[in-house]
Amino acid sequence: MRGYNSVMRPDEEVMKRWRDSAPLWDKHRNVIRGMFAPVTQALIEDAGIGSEDSVLDVATGPGEPALTVAALVGANGKVFGVDAIAGMVAAARAEAQRLQLKNAKFEEAFADDLPFADDTFDAAISRFGVMFFPSPVDGVREMLRVLKPGRKLALAVWHFAERNPFHSALSRVMDRYVDAPPVEPEAPDAFRFAPRGKLMEVSAGAGVVARSERVLQFRIEAPVSVEDFWNLRREMSEKLNEKFATLSEERRPKAKREMLASLEEYSGSKGMSFPAEVLIVSGAKSNTA
Ligand SMILES: C[S@@+](CC[C@H](N)C(=O)[O-])C[C@H]1O[C@@H](n2cnc3c(N)ncnc32)[C@H](O)[C@@H]1O
């Protein structure tokens with residue numbers, strides 16, 4: 001049986017941002033894969049993914065963690081990545097082909113209306129996706145529906161911005177230049193699930209059992225210069241890019257100088273390195289579901 005009749009569509013502004021950033025996430029895929037590799041590893045562990053498993057990756061973007069997992073599960077396993085944005089799915093498919101990963105497939109789909117039968121997967125994961133779902137509880141419920149009974153899902157979301165200078169170093173400077181209206185707690189935003197317990201509650205509402213939450217402390221490493229990192233962040237975040245674009249031609253050079261200066265303390269001989277904190281929420285589908 002397929003999901004729900006009354007699917008909640010994400011708002012058009014959110015979708016437009018992801019559509020616009022799809023080619024840029026593809027362009028920076030190698031650096032992004034490296035930066036978030038510890039998060040991928042945590043998801044693999046907490047979802048209990050092993051060789052020959054069949055795995056679902058929701059909101060896969062241009063294909064991560066799906067492609068990393070495809071290599072791990074091997075030729076007898078398989079991975080399906082889904083994303084709401086056609087450009088992301090196309091980029092993921094092209095990369096799977098380039099890597100000759102025949103066990104990785106990608107489909108365009110909304111998180112709360114997955115094109116899979118009940119009880120299909122051995123594990124389900126989502127890296128930095130659930131915070132953007134129009135209804136996170138429906139999205140998590142859908143992931144649970146397509147999981148086999150007793151199997152696990154794991155979700156990665158950002159902890160608070162202040163603990164993540166990867167985000168906050170630049171936004172602190174930008175906020176001095178551009179008024180940022182306060183973000184509503186339920187708005188689709190990177191930090192929607194930053195408070196501990198919030199995604200646990202959503203998971204409980206969706207029917208996830210044996211729930212747990214942990215704070216993953218790691219370092220985001222990017223072997224690039226300060227200037228290249230600034231370009232990468234702008235291209236990864238349409239929001240940041242839009243704010244910068246609203247500055248007058250005269251203000252931009254000063255804002256950029258201050259932005260680059262805010263990044264200097266995270267720059268070393270091997271490139272950029274930021275302390276980072278992500279929440280990993282995991283749990284299982286009941287055996288009796
Ligand atoms: C921050 S990116 C994460 C991409 C990838 N998982 C990664 O960690 O590199 C968020 C992704 O969520 C997707 N997305 C947002 N809302 C969605 C929804 N309702 N259903 C499916 N995908 C969605 C976006 O298109 C985007 O690719």
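We count ligands from 1, going down the list as the structure has it; atoms in each ligand are counted the same way.
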* Can a salt bridge be assigned to the pair Lys198 and Glu201 using a cut-off of 4.0 Å between side-chain N and carboxylate O? -> no
* To do: Using a strict 4.0 Å cut-off to heavy atoms of Pro134, name the atoms of ligand 1 that fall inside it.
  => 19 (N)
* **Trp18 N/O under 3.5 Å from ligand 1 N/O** => no
* To do: Would you check if the side chain of Lys152 reaches a backbone N or O of Gly48 as a donor-acceptor pair within less than 3.5 Å?
  => no
* With a 4.0 Å cut-off on heavy atoms, does Ala22 reach ligand 1? -> no
* Glu221/Lys270 ion pair, N-O < 4.0 Å -> no
* Asked: Is the shortest distance from a Lys or Arg side-chain nitrogen in Asp26 or Arg29 to a carboxylate oxygen in the other one below 4.0 Å?
  -> yes
* When you check the gap from the basic side-chain N to the acidic O, do Lys16 and Glu238 get nearer than 4.0 Å? -> no
* Asked: Do the charged groups of Arg17 and Asp20 touch, with an N to O distance under 4.0 Å?
  -> no
* Asked: Judging by distance only, is a nitrogen or oxygen of Met88 under 3.5 angstrom from one on ligand 1?
  -> no
* Asked: Just which atoms of ligand 1 are under 4.0 Å from any heavy atom in Phe110?
  -> 20 (N)
* Asked: So Ile49 and Leu72, side chain to side chain contact (heavy atoms under 4.5 Å, CB included) or not? Walk me through it.
  -> CA-CA 9 Å; Ile49 296 172; Leu72 171 82; 3.8 Å; yes
* **Distance-only N or O hit between ligand 1 and Ala84, under 3.5 Å** => yes
* Polar-atom distance check: Trp25 versus ligand 1, any N or O pair below 3.5 Å? -> no
* To do: Examine the proximity of ligand 1 to Ala190 and report which part, side chain or backbone, both or neither, has a heavy atom under 4.0 Å away.
  => neither
* **Which segment of Thr60 sits under 4.0 Å of ligand 1 when only heavy atoms are counted** => backbone
* Asked: Among the heavy atoms of Met15, does any lie under 4.0 Å from an atom of ligand 1?
  -> yes
* Taking N or O atoms only and a 3.5 Å limit, does Phe36 qualify as a polar contact for ligand 1? -> no
* Does the pair Lys243/Asp175 count as a salt bridge with the N-to-O cut at 4.0 Å? -> yes
